[in-house]
Amino acid sequence: MLTAINKDGTWITLPEKIPANMIDDWRKSAEYYCPCCKMELTIKAGSVRVPHFAHKNSSSCRASSEPESAYHLMGKRKLFQWFLSHGYQVDLEAYLPEIKKRTDILVRIGGNRYAIEFQCSVIPEVEFMERSRAYQSIGIKPIWILAAKSLKRKSFYEFSISRFQWLFVTGSFHHPFLWMYCPETDHLSVLKNLTPFTPRTVFAELTTASLKLLPPSRALPQNCFRFPFCLYGDINEMAGRYIE
């Protein structure tokens with residue numbers, strides 16, 4: 001995680017880089033605690049590691065259910081800065097006590113709140129759905145963005161989409177698409193006009209653009225009646241239209 005609280009409750013966000021000669025100063029300057037479980041944290045940093053907080057001892061903290069890669073840490077920081085640069089009210093790793101969850105990014109736009117989840121690892125489908133419904137239960141709209149490196153391209157217009165990746169599909173039944181992001185290139189991509197051939201193979205158009213050229217409003221959820229969070233039955237139904 002990139003954020004923590006100190007003894008007086010002040011939120012601390014680690015810089016993108018910490019010079020080697022200052023790492024010990026950061027570690028000794030304050031005690032850091034997890035906003036979720038209140039257990040003590042330590043700073044992990046080095047010549048290869050992205051500076052981040054980690055629990056000092058083994059923890060069953062619900063906010064740290066999965067390990068974070070450098071790719072994920074870099075991605076959520078850049079997405080946070082993207083929303084911030086456009087003047088939106090945004091929090092990095094906001095903790096939501098009502099549901100005891102921490103979202104990658106929380107954005108407030110007008111009267112709406114959006115939980116931005118940049119997902120780089122596969123999690124159980126039930127966990128994906130439970131987390132999404134938890135956000136919705138307190139009036140927050142979830143937006144799941146898939147790590148671009150996980151996309152498997154078979155040919156120019158042919159892609160392999162796993163059961164888990166189908167959960168990221170949004171849009172409408174007739175115009176489904178999914179968002180992807182790569183922090184290494186700083187490009188946001190959309191796989192659109194998905195035409196299922198089988199439950200795992202689709203024909204689609206991939207469009208990619210620099211995050212700097214896109215307004216965050218492009219990633220907001222569209223009105224739809226079947227998506228987001230496609231269930232496997234919907235996949236089979238869609239595929240069946242083209243296989244028959």
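Computed from a predicted model, the values in this text were never measured in an experiment.
The shortest non-hydrogen separation linking Ile138 to Arg113 is O-NH2, 3.0 Å. Scanning both residues, Pro183 and Lys78, for their nearest heavy atoms gives O-NZ, 2.8 Å. The minimum heavy-atom distance between Ala94 and Leu106, with the atom names listed, is CB-CB, 3.7 Å. Looking at every heavy atom in both residues, Ser189 comes nearest to Leu206 through CB-CD1, 4.0 Å. In this structure, Ile12 and Phe53 approach most closely via the heavy-atom pair O-CE1, 3.9 Å. Contact between Ala115 and Thr103 at its shortest, heavy atoms only, is CB-OG1, 3.5 Å.
Rounding to the nearest 0.5 Å places SG of Cys182 at 11.0 Å from CG of Leu211. To the nearest 0.5 Å, atom OG of residue Ser85 and atom NZ of residue Lys212 are 10.0 Å apart. Within the model, atoms CG of Leu41 and OH of Tyr33 stand 9.5 Å from one another, a figure rounded to the nearest 0.5 Å. Note that CG of Asp91 is 9.5 Å distant from OG1 of Thr3, once rounded to the nearest 0.5 Å. For the atom pair Ile161 CD1 and Lys154 NZ, the distance stands at 10.5 Å (nearest 0.5 Å). Atom-to-atom distance recorded for Phe164:CZ and Leu146:CG is 7.5 Å, nearest 0.5 angstrom.
A donor-acceptor pair is defined here as one N or O able to donate and one able to accept, closer than 3.5 Å; no such pair exists between the side chain of Glu125 and the backbone of Glu127. For the pair Trp144 (side chain) and Ser132 (backbone), a donor-acceptor distance under 3.5 Å is absent. No donor-acceptor distance shorter than 3.5 angstrom exists from the side chain of Arg131 to the backbone of Pro142, with no hydrogens or angles considered. No side-chain donor-acceptor contact under 3.5 Å links Lys76 to the backbone of Asp104. A donor-acceptor pair under 3.5 Å is absent between the side-chain atoms of Gln119 and the main chain of Phe168, judged by distance alone. Between the side chain of Glu93 and the backbone N or O of Leu2, at least one donor-acceptor pair lies under 3.5 Å. Under the 3.5 Å distance criterion, the side-chain polar atoms of Thr201 are left unmatched by any main-chain donor or acceptor of Thr198. Within the 3.5 Å criterion, the main-chain N or O of Ser162 finds a donor-acceptor partner in the side chain of Gln165. Trp82 places a side-chain N or O within 3.5 Å of a backbone atom of Leu214 that can act as its donor or acceptor partner.
Under the 6.0 Å distance and 45° angle rule, Arg153 counts as a cation-pi partner of Phe156.
A parallel orientation is assigned to the rings of His86 and Tyr88, their planes being inclined by less than 30° (bins at 30° and 60°).
Both Tyr71 and Ile105 belong to a common hydrophobic cluster when Ile, Leu, Val, Met, Phe, Trp and Tyr are linked at side-chain heavy-atom distances under 4.5 angstrom. Residues Leu84 and Phe118 are members of one and the same hydrophobic cluster, defined by side-chain heavy-atom contacts under 4.5 angstrom among Ile, Leu, Val, Met, Phe, Trp and Tyr. Note on Ile116: it clusters hydrophobically with Ile109, by side-chain heavy-atom contacts below 4.5 Å among ILVMFWY residues.
Contact check for Ile140 versus Tyr114: no side-chain heavy atoms found under the 4.5 Å cut-off. You'll find the side chain of Thr195 stays beyond 4.5 Å of the side chain of Tyr157, heavy atoms only.
Using a cut-off of 4.0 Å between Lys/Arg side-chain N and Asp/Glu carboxylate O, Glu130 and Lys101 are scored as salt-bridged.
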